[in-house]
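Protein chains get the first letters and strands the later ones, always in sequence-line order, with residue 1 at the start of each. Since this is a predicted model, take the numbers as computed values, not measurements.
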Amino acid sequence: MPLIDFGRWDLPALREEWQAARPFGHVVIDGLVAEDRLERLRQGVAAEPHFPDVADLYEMMSSRSPVTAPALLEVQAALGAPEGLAAVAEITGKPVARVELRSYIYLAGSFLLPHSDCRAGLERLVAYAYYLMPREASRGGELELFDCELAGADTVTTRSAKRIEPEGNRIVLFDVAPHTLHQVREVTSGARASLAGWFYR
Amino acid sequence: MRADLPALAGRWRSAAPIRAVLVPALVDAETAAALRRDLRFEPFFLADRGHYEISTTPSPSLFESLAKIASAIAGQPLAPARARWLRLVHGDFALYKDDARTWRGHACELVVDLSAAATGAAEVMFSNGRAFFPVPQTPLAGALVERRGGVTRYDRYLSHRVGEAEVFRLSLALHPEDPGTEGEPGAEHR
């Protein structure tokens, strides 16, 4: 049995969901891996070295890239396998060709403030976040999407449009573009563990 | 003002890689309390810049007295060019991008904390891209920072750990005394 069974994904339905999603393209897929494989992934996160990462936008613990724990490398390999890339390409309509993955731990007080993942020259096409811990393991930490109006390089207005709960074994795929502002709301208690990164052209 | 200005001036001259010094006791408690009571703020929110309340109310006599302190430390006459008062609570922040949109190339910045209490958080972080100069959130104190050489700032996100605390701070932009080269105090740049 593969780690991620992309054959279970209803790709036409997910593509419709992506296209209809507001404030920008995204889909939420629950049950990414079989429950009996999830514990091994959690152990992989525990084994992976994480380091404090602080900037104006964020404060959290993050792994290096590439990750080193075999269980986490298996997730990256599954997402980056031909079936995984084909599934993501079909849902998003974007020609994704490779994936990058890092592991993040948000303890109480950690956050990632609103930003777009769009960076000139990096060719990130689709972002993703995969949550590993049961929801009750932390408070806060929701992925929040913003509706925003741009005038050239300047943001003119921004409005919170959607909050996605970091449920365990849930993956969120979302669009990368200058207007796709999003944040991870502050974790106020407990611990939130995620694997996240981008699909590239 | 109880700070030892000659000592601060000496520290300023040798400060590197960012020319900056922390300055104790820039204002007295009564002045800070009156400002907290009287200033009127407006909310500001652009998700990718910041979330805070702002006032640009002029306070000429205070600005002049602060400019004199800054001039003594910097060893050159400095005049007030622009003032922004910020009020921040849990959930508030101001990113580098906000500084890039609001700072107008002034020579120096004087940060003054007017809060009623210390939070143990809520620092102002100055950076030249390689090094940082953190300004702790210390009531009545602040810092003088030279903003040449690509020095920018951000106001750290206030996490739940600050509880119900409110942080009040003044950012006073200063320029070498040469009338007419920069904006008037209180002029706002959003």
### Task
Look only at the side chain of Arg161(B) and the backbone of Ala108(A), and say whether a donor-acceptor pair between them is shorter than 3.5 Å.
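Yes; at least one donor-acceptor contact below 3.5 Å.
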### Query
Is the side chain of Glu186(A) donor-acceptor paired with the backbone N or O of Gly91(B) at a distance under 3.5 Å, no angle test?
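Here the side-chain-to-backbone pair does not exist.
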### Task
Measure Glu144(A) against the heavy atoms of chain B and call it side chain, backbone, both or neither at under 4.5 Å.
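Neither part.
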### Query
So which part of Thr157(A) gets closer than 4.5 Å to some heavy atom of chain B, the side chain, the backbone, both or neither?
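Interface part for Thr157(A): backbone (N, CA, C, O).
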For residues 82-90 of chain A, which side-chain N or O atoms pair as donor and acceptor with protein atoms under 3.5 Å away, sequence neighbours left out?
none

Please table the atom pairs, donor to acceptor, closer than 3.5 Å between any side-chain atom in residues 187-194 of chain A and protein atoms at least two apart or in another chain.
residue	atom	partner	partner atom	Å
Arg192(A)	NE	Gly141(A)	O	2.8
Arg192(A)	NH2	Gly141(A)	O	3.3

### Query
How would you list, in number order, the residues of residues 162-185 of chain A that have a heavy atom less than 4.5 Å from chain B?
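Within residues 162-185 of chain A, near chain B: Leu181(A).
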### Message
Going by salt bridge (Lys or Arg N to Asp or Glu O under 4.0 Å), name the pairs with one or both residues in residues 11-21 of chain A, residues two or more places apart or in two chains.
### Response
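For residues 11-21 of chain A, and leaving out neighbouring residues, there are no salt bridge (Lys or Arg N to Asp or Glu O under 4.0 Å) pairs at all.
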### Query
Side chain, backbone, both or neither: which part of Phe93(B) has an atom under 4.5 Å from a heavy atom of chain A?
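Answer is side chain: those atoms of Phe93(B) sit under 4.5 Å from chain A.
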### Task
Of all the heavy-atom pairs spanning Ala47(B) and Pro114(A), show the shortest one and how long it is.
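Shortest heavy-atom contact: O-CB, 3.1 Å.
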### Message
If the test is side chain to side chain contact (heavy atoms under 4.5 Å, CB included), which one of Leu95(B), Asp98(B), Asp99(B) qualifies with Asp56(A)?
### Response
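For Asp56(A), the side chain to side chain contact (heavy atoms under 4.5 Å, CB included) test succeeds with only one of Leu95(B), Asp98(B), Asp99(B), which is Leu95(B).
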If I take atom [atom1] from residue [X] and atom [atom2] from residue [Y], how far apart are they, to the nearest 0.5 angstrom?
| X | Y | atom1 | atom2 | value |
| --- | --- | --- | --- | --- |
| Leu57(A) | Tyr157(B) | CG | OH | 13.0 Å |
| His115(A) | Lys97(B) | NE2 | NZ | 11.5 Å |
| Thr155(A) | Asp48(B) | OG1 | CG | 3.0 Å |
| Phe111(A) | His160(B) | CZ | NE2 | 12.0 Å |

### Within-4.5 Å side-chain heavy-atom neighbours: Arg101(B) and Asp154(A)
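SC-SC contact between Arg101(B) and Asp154(A) confirmed.
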